[in-house]
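I have placed the structure first, in the form of structure tokens, so that the comments after it can refer back to it.
In this text, all values refer to a predicted model and were calculated from it rather than measured experimentally.
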Amino acid sequence: MGHVDLQPSSFISDFLLQTGGVAVIDGGLATELERHGADLNDPLWSAKCLLSSPHLIRTVHLDYLEAGADIIITASYQATIQGFEARGFSRGESEALLRKSVEIACEARKMYYDRCIEFTCDDSEDGRILKHRPILVAASVGSYGAYLADGSEYSGIYGDEITVETLKDFHRRRVQILADAGADLIAFETVPNKLEAQAYAELLEEENIKIPAWFSFNSKDGVHVVSGDSLLECVSIAESCKKVVSVGINCTPPRFIHGLILSIKKVTTKPILIYPNSGESYDPEQKEWVQKTGVSVEDFVSYVNKWCEVGASLVGGCCRTTPNTIRAIYRTLSNNRSATASLES
């Protein structure tokens, strides 16, 4: 699809028309990078690979495209100018690394399209899905808490000294750079509180950001965002911002998603996006995932049809989900699309 210049109001709806009504978002990045050999024990987390091993990021993006993802999210979640500068990089070098995250994803999309040309059928013999289709690159923006690398993105508790203005100043240049780097939209991910949602909404308007955005909140209880703020109030901020084209939930256990979709539907007319984690719990003290606390790929995918039935339009995975998860989502949705098409014909 390349860089798409659609009106924000119709951006996602036009895209969904081309994907058959539901789009597939990619899955976890960091754990896949580790599986390919990256060492992410670093405050920069997956953004460290922008420095040390960009080829691994490109490989993971390609893995997800070949698993059927329609949207790939850049490796910029933990990439902030302030974080890079704290590591001794200049402002210019830091900004170049942000651009690089988008460039790598765009390269992966081009490589994928080149592979599609080599194959005449949609699926290769090894299970790869090689189907020329519209693909969006979403530039990831993690929260202020993600930059702090102290687990506060999982609590949303920033303290009284952090205001909407502080957060706007923190994110401003980063959002400008990502918006101009060739991505199709900005993914504000794992938004932990109402304050940060407000800051993002104001930034999009003030800076006249040229590409649309989505807001994705996280919840620990299926009712509130992680800070304890009302999910409905947070979603209402996204609903009232014209630049926001989709709103939903990520990095949340699958068992909460059905109820969260029903709640979100009460306050938004925008397409709803859902990319939960595998259900495993993260221990911010130990900085590791607690083993055997998640759901299997089969269980995860068994939810997908129900989520789409109640209103999800974009579905993928977050932490600890893999290309296998995304391939299973793609196959489930493809079966549905085929069934719907045959009923309509």
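Criterion: ILVMFWY side-chain heavy atoms under 4.5 Å apart, direct or through other members. Under it, Leu262 and Val235 are part of a common hydrophobic cluster. Taking hydrophobic clusters as Ile, Leu, Val, Met, Phe, Trp and Tyr residues chained together by side-chain heavy-atom distances below 4.5 Å, Val175 does not share a cluster with Ile162. Leu167 and Leu148 fall within the same hydrophobic cluster, defined by Ile, Leu, Val, Met, Phe, Trp and Tyr side-chain heavy atoms under 4.5 Å apart, directly or through other members. If you chain together hydrophobic residues whose side chains sit under 4.5 Å apart, Val141 and Tyr147 never meet in one group. Grouping the Ile, Leu, Val, Met, Phe, Trp and Tyr side chains by contacts below 4.5 angstrom, directly or via other members, places Tyr144 apart from Leu44.
Across all their heavy atoms, Ile249 and Ser216 have their closest contact at C-OG, 3.3 Å. Here the closest heavy-atom approach between residue Ile72 and residue Leu65 is recorded as CG2-CD2, 3.7 Å. Taking all atoms of both residues into account, the shortest heavy-atom contact from Ala238 to Val247 is CB-CG2, 3.8 Å. Between Leu50 and Phe84, the shortest heavy-atom contact is CD1-CZ, 4.2 Å. Nearest heavy-atom pair, Pro271 versus Leu314, reported as atom, atom and distance to 0.1 Å: CB-CD1, 4.1 Å. When all heavy atoms are compared, the tightest approach of Thr321 to Ser278 is CG2-N, 4.1 Å.
With a 4.5 Å cut-off on side-chain heavy atoms, Leu40 and Gln78 do not count as touching. In this structure, Lys270 and Trp214 have side chains that are not in contact, with every pair of non-hydrogen atoms separated by 4.5 Å or more. Side chains of Leu178 and Ser76 form a contact here, defined as non-hydrogen atoms less than 4.5 Å apart. With a 4.5 Å cut-off on side-chain heavy atoms, Ile209 and Leu203 do not count as touching. Two residues are said to be in side-chain contact when any heavy atoms from C-beta on lie closer than 4.5 Å; Thr31 and Glu34 meet this criterion. Two residues are said to be in side-chain contact when any heavy atoms from C-beta on lie closer than 4.5 Å; Leu62 and Arg115 meet this criterion. Residues Lys48 and Asp39 have side chains in contact (heavy-atom distance under 4.5 Å, counting atoms from C-beta outward). Between Ile135 and Tyr113 the shortest side-chain heavy-atom distance falls below 4.5 Å.
No donor-acceptor pair under 3.5 Å is formed between the side chain of Ser46 and the backbone N or O of Ala75. Under a 3.5 Å cut-off, the side chain of Asn277 and the backbone N or O of Cys318 do not form any donor-acceptor pair. A donor-acceptor pair under 3.5 Å is formed between the side chain of Asn193 and the backbone N or O of Gly156. Not a single donor-acceptor pair under 3.5 Å links the side chain of Lys194 to the backbone N or O of Asp229. Gln198 places no side-chain N or O within 3.5 Å of a backbone atom of Ile237 that could act as its donor or acceptor partner. Not a single donor-acceptor pair under 3.5 Å links the side chain of Tyr154 to the backbone N or O of Val226. Checked by atom type and distance alone, the side chain of Gln82 pairs as donor or acceptor with a backbone atom of Phe170 at under 3.5 Å. The closest donor-acceptor contact from the side chain of Ser227 to the backbone of Pro192 lies under 3.5 Å. Checked by atom type and distance alone, the side chain of Arg327 never pairs as donor or acceptor with a backbone atom of Thr322 at under 3.5 Å. Although no hydrogens or angles enter the test, the distance criterion places a donor-acceptor pair under 3.5 Å between the side chain of Thr74 and the main chain of Ser140.
By the 4.0 Å N-to-carboxylate-O rule, Lys306 lies too far from Glu309 to be salt-bridged with it. Salt bridge annotation for Glu165-Lys168: present, with a cationic side-chain nitrogen under 4.0 angstrom from a carboxylate oxygen.
A donor-acceptor contact closer than 3.5 angstrom is absent between the side chains of Glu32 and Tyr64. There is no side-chain donor-acceptor pair under 3.5 Å between Thr252 and Asn218. Judged purely by distance below 3.5 Å, without hydrogens or angles, the side chains of Ser13 and Ser10 never pair a donor atom with an acceptor atom. Under 3.5 Å, the side chains of His171 and Glu196 contain a donor-acceptor pair of N or O atoms.
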So Asp70 and Phe15, side-chain contact (heavy atoms from CB on, under 4.5 Å) or not? Walk me through it. CA-CA 10 Å; Asp70 303 304; Phe15 181 65; 3.9 Å; yes
Are Leu232 and Ser263 close enough, and set up right, to give a side-chain contact (heavy atoms from CB on, under 4.5 Å), and what steps lead you there? CA-CA 7 Å; Leu232 298 184; Ser263 298; 4.1 Å; yes
Could you walk me through whether Ile329 and Phe300 pass the side-chain contact (heavy atoms from CB on, under 4.5 Å) check? CA-CA 9 Å; Ile329 292 173; Phe300 188 101; 3.7 Å; yes
Test log, rule side-chain contact (heavy atoms from CB on, under 4.5 Å), inputs Val244 and Tyr200: CA-CA 10 Å; Val244 176; Tyr200 291 149; over 6 Å; no
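Taken from CD1 in Ile57 to CD in Glu103, the straight-line distance is 11.5 Å, to the nearest 0.5 Å. Summarising the geometry, atom NE2 belonging to His36 is positioned 10.5 Å from atom SG belonging to Cys49; distances are rounded to the nearest 0.5 Å. We find the CG-NE2 distance between Leu56 and His61 to be 11.5 Å, quoted to the nearest 0.5 Å. From Arg87, atom CZ reaches atom CD of Glu93 across 12.5 Å, with rounding to the nearest 0.5 Å. Remark: Asp63 CG to Arg58 CZ distance equals 12.0 Å, nearest 0.5 Å. Here the straight-line distance linking atom OG of Ser246 with atom CG of Leu273 works out to 3.5 Å at 0.5 Å rounding.
Using a 30° and 60° split on the angle between ring planes, Trp307 and Tyr303 fall in the parallel class, below 30°.
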